[in-house]
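Below is one structure, written out as structure tokens, with a few remarks after it.
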Amino acid sequence: MSLEIPWVERYRPRTFSDIVSQSIAINNLKKFVKSTNIPHLIFTGPAGTGKTSTALIIARKFLKDEQLDTNLLELNASDTVRIDFVRNVLKNFVNQSLIKDGSLKFVILDEADNIPGQVQQALRRIIEKTSNNIKFILLCNYINRIIDPIISRCAVFRFVSLPKEMIIERLKYIADKEKLKIPSDRSEEFYNQIFFISGGDLRKAINTLQMAVALDLLENLDINEILKISGFLDEETLEKLITALESKDIIKSGEIIESIEILDSRNFIRQISEIFPSLNLTSENIVNLRAFIGEIDYRISKGADEQIQISALLAMIIENI
Ligand SMILES: Nc1ncnc2c1ncn2[C@@H]1O[C@H](COP(=O)(O)OP(=O)(O)OP(=O)(O)O)[C@@H](O)[C@H]1O
Ligand SMILES: [Mg+2]
């Protein structure tokens with residue numbers, strides 16, 4: 001069992017066939033890769049679905065090992081938010097390629113949706129002027145934050161959330177390789193909870209698995225501890241909260257929330273909305289609550305006080321029960 005290398009790196013897909021799911025994107029990319037004239041690319045989709053891995057696979061298809069240092073430029077958002085960086089480093093890389101041998105070069109721009117509009121304009125001009133041997137691969141979670149003139153110069157591939165079975169299958173594959181000992185009578189529960197924690201993000205799933213091993217939580221399988229350190233309510237606390245909500249006890253439910261050491265509001269919202277079907281709610285009430293959840297999720301993303309928003313949610317649930 002090796003803990004030194006992050007498993008997300010150790011088990012990063014190396015070939016197209018290692019990429020699970022994403023068959024539409026991968027099948028089409030395979031066609032592009034066969035021709036020499038590939039377009040610029042945008043990969044868009046949720047976190048941990050294989051975008052970065054696929055971009056690296058493509059670069060490696062075209063570049064020999066020794067070229068990976070010279071012909072591949074990987075930038076992330078913190079580099080690219082600075083317009084001077086884009087103007088200098090990126091332009092340099094692009095210009096150098098003009099005078100050299102004309103071999104293929106790749107620029108991978110991670111988190112491209114976080115690049116400010118003005119910098120995107122500068123980037124667009126660079127993409128426009130760049131010669132045919134430079135290929136841009138932009139990675140993003142939200143394509144609507146990328147300006148149209150860039151989108152229209154790229155082939156867009158959508159990566160989708162990985163289905164539960166595929167995430168669990170990949171976790172089992174890693175568990176097998178790492179010779180993990182997961183008590184067999186509870187392994188299904190364990191994988192289900194890791195999937196729940198991951199929210200469909202395979203990176204998070206793999207990291208959670210590795211963390212559980214590092215903290216020695218596997219052999220006696222402490223799922224509650226895994227939930228807690230991942231910023232979720234443990235099962236017992238969740239049960240107590242459900243009881244308090246069902247008896248419309250706003251004081252008690254508030255106390256339960258306050259007693260939680262690490263409360264991650266986004267996780268909490270996800271966890272609580274999963275239990276709606278088991279609460280005594282009409283479908284109309286569920287619709288109301290889901291609409292409200294959309295609202296507070298937005299407020300939290302805009303910096304509203306998390307405790308207040310969660311209290312508001314609890315009050316809303318009690319009102320609808
Ligand atoms: N489709 C997939 N097939 C196999 N492994 C995957 C897949 N998606 C993610 N992984 C695993 O998760 C890790 C992270 O994947 P990757 O960096 O490619 O995700 P990403 O889509 O770029 O995410 P982000 O948007 O957060 O950057 C990889 O190292 C790999 O182990
Ligand atoms: Mg990525």
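Note that ligands are numbered from 1 as they come in the structure, with each ligand's atoms numbered from 1 the same way.
- At least one N or O atom of T49 sits closer than 3.5 Å to an N or O atom of ligand 1.
- Of the options Q22, R170, R203, the smallest heavy-atom separation from atom 26 (O) of ligand 1 is shown by R203.
- The pair K172-E169 does not count as a salt bridge, with every side-chain nitrogen at least 4.0 angstrom from each carboxylate oxygen.
- When distances to the Mg ion (ligand 2) are checked against a cut-off of 2.8 Å, T52 contributes an N, O or S atom below that limit.
- In this structure, the side chain of N267 does not engage the main chain of F232 through any donor-acceptor pair within 3.5 Å.
- Under 4.0 Å from ligand 1, the heavy atoms of P13 that appear belong solely to its side chain.
- At a heavy-atom cutoff of 4.0 Å, ligand 1 is contacted by no atom of L139, backbone or side chain.
- Distances from atom 6 (C) of ligand 1 to the heavy atoms of L202, I57, V20 show the closest one on L202.
- Ring geometry for Y11 against Y173 counts as perpendicular: the plane angle is over 60°, on a 0 to 90° scale with 30° as the lower cut.
- Under a 4.0 Å N-O distance rule, the pair E178/R10 qualifies as a salt bridge.
- Under the 30°/60° scheme for interplanar angles, the aromatic rings of F106 and F62 are found to be tilted.
- Among all protein heavy atoms, the one lying closest to atom 22 (O) of ligand 1 is T52 OG1, 2.7 Å.
- Residue A47 has no nitrogen or oxygen atom sitting less than 3.5 Å from a nitrogen or oxygen atom of ligand 1, judged on distance alone.
- Each of R14, Q22, R203, R12 was compared with S53 under the side chain to side chain donor-acceptor pair (under 3.5 Å) criterion, and only R12 meets it.
- At a heavy-atom cutoff of 4.0 Å, ligand 1 is contacted by no atom of D201, backbone or side chain.
- Atoms of ligand 1 found under 4.0 Å from any heavy atom of I206, numbered from 1 in the order shown, are 11 (C), 31 (O).
- Evaluation of the side-chain hydrogen bond (donor to acceptor under 3.5 Å, both in side chains) test over residues 290-300, restricted to residues two or more places apart or in two chains, returns R266-D297, E295-R299, R299-Q309.
- At least one N/O-N/O distance between G48 and ligand 1 falls below 3.5 Å.
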